[in-house]
Structures are given as C-alpha cells and as structure tokens.
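This report concerns only the one structure given below.
What you are looking at is a predicted structure, and each value in this text was computed from that prediction instead of being measured. Positions are given from 1, in the same order as the sequence printed here.
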Amino acid sequence: MGRVAVGNLGKQQNNFNLDVLCSGMAAGTKVPVKVYFEGSSDGPGRLNLEPGGAEGVELSLLNDQGVRLPFSLNSALNMSWIRSEPKGEIYRLPVIAGYVKKASQKMVPGRANATLNYVLEYN
C-alpha cells in the first residue's frame with residue numbers, strides 16, 4: 001500500500017485483482033467459485049493492522065461493486081470466471097483497498113502491516 005499521509009486516509013486507494021487458477025477439472029469446466037476471508041477484522045470490509053505499528057487505522061476492503069469483503073462463509077462472494085488456460089480455469093475478484101481512520105480512536109503513525117487469508121468454496 002505504501003506510505004499514506006494522514007490527509008489522504010480514506011482517499012488514496014489501491015486496486016488489484018485476486019486471480020485464482022482452479023485446476024484438476026476437465027478443460028472448459030466452469031464451476032461456481034465463492035470466496036471469503038480470514039484475518040483480524042471488526043466486521044465486513046475491515047482489516048485490523050498488526051500490533052506494534054500504526055494505531056487508529058484499518059484497511060477498508062471492497063470489491064469493484066462497493067461490497068465489503070466478507071469474513072464469513074455465509075457471506076461469501078462469487079468470483080467471476082475470466083478464461084480457460086491449459087492448466088485450468090481462471091477466476092477473479094477485483095478488490096479496492098485503502099487505509100481509513102478507525103472511529104473514535106486516536107491515530108498514531110507507524111508501520112501498517114496486516115495479514116489477510118482467502119478461503120475458496122466451489123463444487
């Protein structure tokens with residue numbers, strides 16, 4: 001995410017794609033793929049930073065439609081099929097990430113590292 005000035009919290013965003021290769025199926029097989037996330041979170045679309053660094057800041061995580069990324073299976077989002085490749089099918093979830101101020105917490109500058117795992121559901 002790089003360095004972000006306090007005045008740019010909530011304004012500066014990074015867009016990226018979570019692309020997943022699903023292999024082990026017959027070529028051209030398109031299955032419904034859903035994804036949800038695991039990490040230190042206070043709710044959908046919110047990822048806490050690792051202790052020992054910046055305080056009063058969290059990561060906002062949305063898909064390209066403005067839906068907050070889910071942290072539970074029952075809220076899993078559909079991934080879009082993108083294309084077939086020789087080794088399998090490519091699915092994508094576009095993500096918009098940015099640092100935002102946590103409500104009613106004092107901000108303290110520092111490293112802003114976080115860890116996010118994704119879990120895929122498919123049949």
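In the hydrophobic clustering of ILVMFWY residues, with side-chain heavy atoms under 4.5 Å counting as a link, V67 and L120 come out together. There is a path of hydrophobic side-chain contacts, each under 4.5 Å, that joins V95 to V33.
Of all the heavy atoms in F37 and V35, the pair that sits closest is CZ-CG2, 4.0 Å. Between M107 and G56 the shortest heavy-atom distance is CG-O, 3.6 Å. The shortest non-hydrogen separation linking L18 to M79 is O-CE, 3.5 Å. Of all non-hydrogen atoms in F16 and A97, the two that sit nearest each other are CE2-CB, 4.0 Å.
With hydrogens and angles disregarded, no donor-acceptor distance shorter than 3.5 Å links the side chain of Y91 to the backbone of P32.
The side-chain hydrogen bond (donor to acceptor under 3.5 Å, both in side chains) contacts involving residues 108-119 comprise E50-T115, where partners must be two or more places apart or lie in separate chains. Sequence neighbours left out, not one pair with a member in residues 113-123 passes salt bridge (Lys or Arg N to Asp or Glu O under 4.0 Å). Residue pairs meeting the side-chain hydrogen bond (donor to acceptor under 3.5 Å, both in side chains) criterion with at least one partner in residues 55-71, sequence neighbours excluded, are R46-E58. Sorted by first and then second residue, the pairs that involve residues 19-32 and meet salt bridge (Lys or Arg N to Asp or Glu O under 4.0 Å), not counting sequence neighbours, are D19-R92.
Within the hydrophobic cluster formed by Ile, Leu, Val, Met, Phe, Trp and Tyr side chains joined at under 4.5 Å, directly or through other members, L21 is accompanied by I82, I90.
A distance of 6.0 Å separates CG in L116 from CG in L61, rounded to the nearest 0.5 Å.
Side-chain contact between V31 and C22 is absent, with no heavy-atom pair separated by less than 4.5 Å.
Under the side chain to side chain contact (heavy atoms under 4.5 Å, CB included) criterion, S40 pairs with N48, sequence neighbours left out. Scored by the salt bridge (Lys or Arg N to Asp or Glu O under 4.0 Å) test, K102 finds D42 as partners (sequence neighbours excluded). Applying the side-chain hydrogen bond (donor to acceptor under 3.5 Å, both in side chains) test to S84 and every residue at least two apart in sequence or in another chain returns E89.
Each of L59, L47, L93, L62 was evaluated against L69; a single residue qualifies, L93, per the side chain to side chain contact (heavy atoms under 4.5 Å, CB included) test.
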